[in-house]
Amino acid sequence: MQQVKLFKGVDSELPELERQINRWIRKSGARVLSINGNLAPAPSAGTGPMNSFAAGDVLVIVHFEIDAPTA
């Protein structure tokens, strides 16, 4: 059975998001079919010195397959 799992984070914490995704893959036993991601820029990024290091949102979509539950 094919399903999706969404992960969200911020670009300033990518290593932690990566660890979270890899941990989930190991524990779930899911067979990953594809992984896609999107990085949204921070609001008003680059408009001034206070905003130059603002973090952008990261969305990662894992498309996976797992055995269907038996009744």
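Only this structure's heavy atoms are used, side chains among them; waters, hydrogens and symmetry mates stay out.
The shortest heavy-atom contact between His63 and Gln2 is NE2-OE1, 2.9 Å. Residue Ala55 comes nearest to Val10 through the heavy atom pair CB-CB, 3.8 Å, listed as atom of the first residue, atom of the second, then distance.
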**OP:** Please step through side chain to side chain contact (heavy atoms under 4.5 Å, CB included) for the pair Val32 and Val62, ending with a clear verdict.
**Re:** CA-CA 7 Å; Val32 175; Val62 179; 4.1 Å; yes
Subject >> Audit row: Val60, Asn36, side chain to side chain contact (heavy atoms under 4.5 Å, CB included) steps and yes/no >> reply: CA-CA 6 Å; Val60 176; Asn36 295 294; over 6 Å; no
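Checking side-chain atoms of Asp57 against main-chain N and O of Ala40 turns up no donor-acceptor pair under 3.5 Å.
Ile61 and Leu33 fall into different hydrophobic clusters, where Ile, Leu, Val, Met, Phe, Trp and Tyr side chains are chained together by heavy-atom contacts under 4.5 Å. Hydrophobic clustering places Ile66 together with Ile25 (ILVMFWY residues linked when any side-chain heavy atoms are closer than 4.5 Å, directly or through intermediates). Cluster membership for Ile21 and Val4, using ILVMFWY side-chain heavy atoms within less than 4.5 angstrom, is not shared.
No side-chain heavy atom of Phe7 sits less than 4.5 Å from a side-chain heavy atom of Leu59. Taking the side chain as every heavy atom from C-beta outward, Val58 and Asn38 never approach each other to under 4.5 Å. For the pair Lys5/Phe64, a side-chain contact is recorded, criterion being any heavy-atom separation below 4.5 Å from C-beta on. Considering only heavy atoms from C-beta on, Glu65 stays 4.5 Å or farther from Met1 through its side chain.
Looking at Glu18 and Arg23, no side-chain N of the basic residue comes within less than 4.0 Å of a carboxylate O on the acidic one, giving no salt bridge.
To the nearest 0.5 Å, the span separating CG on Leu14 from CZ on Arg19 amounts to 10.5 Å.
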